[in-house]
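What follows is a single structure, written as structure tokens, with notes after it.
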Amino acid sequence: IVLKEDSSLPKAVKIKIGRKDIELGEGDKKGTRVKVLGRIHRLRAQKQATFITLVDGYGHLQCVLQAGDLTKTYDALTFAQGTSLALYGEMRKLPEGATAPDGRELLVDYYEVLGASPSDQDAITNRVSSQQNQWDPQMLDQRHLVLRGDNASSLMKIRAAVERAFQKVYDDLELTKVSPPALVQTQVEGGATLFSAPYYDETAYLTQSSQLYLETVLPSLGDVYCIEKSFRAEKSLTRRHLSEYTHVEAELDYIEFTDLLDHLEEVICRVIDIVLDNPTIAGYLKELNPTFQKPSRPFMRMKYTDAIDWLNAQDPPIPNEEGNPHVFGDDIAEAAERKMTDAINRPIFLTHFPVEIKAFYMKKDPADLRVTESVDCLMPGVGEIVGGSMRMEGYDELLEAYKKQGIDSKDYYWYTDQRKYGTSPHGGYGLGLERFLAWIANQHTVRTTCLYPRFMGRCKP
Ligand code: 4AD
């Protein structure tokens with residue numbers, strides 16, 4: 001059977017599935033005749049008709065091919081998930097009692113196959129299984145096909161919306177966006193997680209954070225931010241560590257520590273508001289995380305020393321990594337941090353970490369020189385999503401800090417110069433976009449929040 005378009009029908013209007021302003025036929029009233037291009041997402045062949053759920057990246061559309069010539073072509077008999085099609089037909093209101101996206105369906109009168117997809121053992125349905133977790137290695141190998149699924153694609157739409165929201169909020173708060181380099185010759189967060197790369201006759205590293213560069217432009221641009229990739233050669237395979245991640249970083253000039261905390265709370269809450277104000281995105285979020293609630297303000301503020309006391313006061317106490325009670329100076333490891341965050345079950349600003357366990361550039365608390373003016377923002381289900389601090393202001397103090405860390409100050413002359421040519425009280429933070437997404441979209445691991453995750457042992461597809 002060879003299909004032919006009926007030339008007596010009205011000319012079809014080409015639309016994307018997202019378009020909602022289409023006249024729907026109902027009873028004797030004719031709906032608009034449209035042409036929709038997309039791929040078969042689901043296929044159900046029944047005696048009286050074949051039902052196709054078509055996707056095009058803008059929505060889902062139920063399409064009906066009534067049994068007859070339309071369903072008897074070779075193309076129709078070999079339709080499969082992924083088949084790329086142009087479908088022509090009348091858009092109709094759904095019959096009473098039926099359900100389909102947007103309450104409508106396309107009554108197909110003609111189609112063209114633009115790209116077939118295998119319906120044999122190589123079919124997409126045999127390569128991707130909804131029974132398997134998206135973070136299973138086999139599914140990560142098929143990530144390019146997994147991304148065609150509803151969960152993965154709505155998460156990517158949410159991700160784009162979140163990134164847009166950050167840009168909007170920073171714009172509203174008058175921070176200027178800059179784009180620091182990814183290839184650098186300085187460390188920010190310790191030498192242990194640096195990736196090095198041959199760079200002509202020198203060695204370069206992939207940046208761990210753009211913070212130091214952001215600090216250099218405060219004098220001319222005022223408050224600044226960037227959304228760039230950061231890289232960490234993490235030798236651990238935790239649920240929340242990636243080798244390459246998207247880092248939302250901001251730096252604010254002439255502030256005090258409490259200003260930094262207030263700003264951070266404001267940014268996080270405004271971003272959530274913007275995301276939830278978008279009905280489509282809010283719908284995706286509702287599917288992925290039905291119980292998500294806007295965080296209540298103000299966020300809890302807890303000092304590191306109080307967190308240590310809290311961990312020890314639990315019954316049974318939550319031990320440190322060596323299995324002993326926590327003491328001042330201990331890192332609060334991921335497991336303990338998660339337990340605390342989940343028990344408290346609201347956003348926490350954990351502040352004033354000891355100097356010894358924090359980065360060289362952090363400012364000491366004038367009221368207690370053992371600790372820094374630092375903050376981690378902890379969210380239920382994920383733990384730390386933000387790390388920030390006030391920055392050391394003094395020239396000599398900074399040189400001393402390099403020495404203590406075994407850093408060669410020569411490579412940092414440009415950073416040190418900020419203290420030489422008019423230093424200022426300033427601070428900033430970095431937020432892991434993937435962790436933020438894992439929090440709001442209730443993901444077991446940050447790996448499913450990336451287009452193509454990179455972590456130890458995985459650099460493909
Ligand atoms: O706490 P971190 O290491 O802080 C910095 O890099 C600062 N220089 C940022 C700044 O002040 N401008 O990292 C900040 C955030 C973490 O809270 C976490 O959300 C994320 O970056 N992050 C990671 N996300 C995924 N995988 C990893 N390996 C990450 N390491 C840090």
Side-chain angles (χ1 to χ4, degrees), residues 159 162 166 170 175 178 180 182 184 186-195 205-218 223-253 255 257 260-261 263-264 267-268 331-332 334 337-338 341 347-351 353 357-363 372-379 381-392 405 415 426-440 443 445-450 453-456 458:
R159 184 180 165 120
V162 167
F166 272 108
Y170 287 134
L175 279 76
V178 293
V184 302
T186 46
Q187 60 166 61
V188 189
E189 299 299 327
T193 60
L194 279 177
F195 278 113
Y205 306 117
L206 299 180
T207 192
Q208 296 172 309
S209 158
S210 298
Q211 174 200 323
L212 307 189
Y213 292 102
L214 291 184
E215 288 184 55
T216 65
V217 284
L218 291 176
D223 301 339
V224 284
Y225 80 99
C226 64
I227 302 179
E228 299 284 343
K229 289 295 179 77
S230 280
F231 302 86
R232 307 277 171 109
E234 303 281 0
K235 297 224 173 53
S236 55
L237 290 166
T238 79
R239 295 202 249 154
R240 66 181 196 193
H241 283 94
L242 296 161
S243 309
E244 174 183 331
Y245 71 96
T246 298
H247 208 168
V248 179
E249 295 183 272
E251 200 66 29
L252 309 172
D253 208 3
I255 55 161
F257 187 46
L260 180 65
L261 301 182
H263 160 94
L264 194 47
V267 168
I268 290 172
D331 227 340
I332 300 177
E334 183 170 338
E337 182 194 277
R338 260 182 203 281
T341 319
I348 307 169
F349 279 149
L350 193 56
T351 64
F353 290 86
I357 60 170
K358 282 292 178 186
F360 71 89
Y361 53 75
M362 290 192 181
K363 178 178 174 168
T372 50
E373 287 189 326
S374 52
V375 57
D376 280 1
C377 178
L378 314 180
M379 291 301 183
V382 195
E384 181 198 334
I385 67 161
V386 182
S389 76
M390 296 298 289
R391 320 305 191 190
M392 210 172 257
Q405 294 274 322
Y415 184 67
H426 66 286
Y429 58 87
L431 175 146
L433 187 69
E434 292 80 6
R435 292 194 187 177
F436 184 92
L437 287 162
W439 165 53
I440 64 169
Q443 298 296 294
T445 155
V446 292
R447 294 175 188 177
T448 51
T449 68
C450 306
R454 296 289 180 256
F455 53 91
M456 191 169 65
R458 179 162 297 272

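Remember, it's 1-based here, ligands and their atoms both numbered in the order they're listed.
Across the listed options Arg447, Glu384, Arg454, Glu384 owns the non-hydrogen atom lying nearest to atom 16 (C) of ligand 1. Across the listed options Glu251, Gln208, Arg391, Arg391 owns the non-hydrogen atom lying nearest to atom 11 (O) of ligand 1. Closest heavy-atom approach to atom 8 (N) of ligand 1 among the candidates Arg232, Gln211, Met379: Gln211.
Ligand 1 has a nitrogen or oxygen under 3.5 angstrom from a nitrogen or oxygen of Gly432. Residue contacts with ligand 1: Ser209 is placed with a nitrogen or oxygen under 3.5 Å of a nitrogen or oxygen of the ligand (distance criterion only).
Close contacts between ligand 1 and Arg240 involve ligand atoms 25 (C), 26 (N) [criterion: under 4.0 Å to a heavy atom]. Near Glu234, meaning under 4.0 Å from any of its heavy atoms, are these atoms of ligand 1: 28 (N). Using a 4.0 Å cut-off to heavy atoms of Val386, the atoms of ligand 1 that qualify are 17 (O).
The nearest protein atom to atom 26 (N) of ligand 1, hydrogens excluded, is given as Leu242 N, 2.9 Å; this is a heavy-atom distance. Among all protein heavy atoms, the one lying closest to atom 12 (N) of ligand 1 is Glu249 OE2, 2.7 Å. The nearest protein atom to atom 15 (C) of ligand 1, hydrogens excluded, is given as Gly430 O, 3.4 Å; this is a heavy-atom distance. Among all non-hydrogen protein atoms, the one lying nearest atom 7 (C) of ligand 1 is Glu189 OE2, 3.2 Å.
Checking Thr448 against Gln443 by side-chain atom types alone, a donor-acceptor pair falls below 3.5 Å. Looking only at atom types and distance, the side chain of Gln211 has a donor-acceptor partner in the side chain of Tyr361 under 3.5 Å away.
By the criterion of a heavy-atom distance under 4.0 Å, the side chain of Arg435, and not its backbone, is placed next to ligand 1. Counting heavy atoms under 4.0 Å from ligand 1, residue Tyr245 touches it through the side chain alone.
Atom OG1 of Thr216 and atom OH of Tyr415 lie 10.0 Å apart (nearest 0.5 Å). Taking CZ from Phe231 and OG1 from Thr193, the interatomic distance works out to 12.5 Å, rounded to the nearest 0.5 Å.
Residue contacts with ligand 1: Ile385 is included, with a non-hydrogen atom under 4.0 Å away. Residue-ligand proximity: Tyr361 is placed with a non-hydrogen atom under 4.0 Å from ligand 1.
Few gaps surround CZ on Phe360; more than 12 heavy atoms of other groups in view lie less than 6.0 Å from it.
The residue from Val224, Val267, Asp223, Leu214 that alone fulfils the side chain to side chain contact (heavy atoms under 4.5 Å, CB included) condition with Leu175 is Asp223. Tested against Glu434 for a salt bridge (Lys or Arg N to Asp or Glu O under 4.0 Å), the candidates Lys229, Arg159, Arg240 yield a single pass: Arg159.
Aromatic ring pairs are classed by plane angle as parallel below 30°, tilted from 30° to 60° and perpendicular above 60°; the pair Phe436 and Phe166 is perpendicular. A tilted orientation is assigned to the rings of Tyr245 and His247, their planes being inclined by 30° to 60°.
A salt bridge links Glu251 and Arg391; the closest N-O separation between the charged side-chain nitrogens and carboxylate oxygens is under 4.0 Å.
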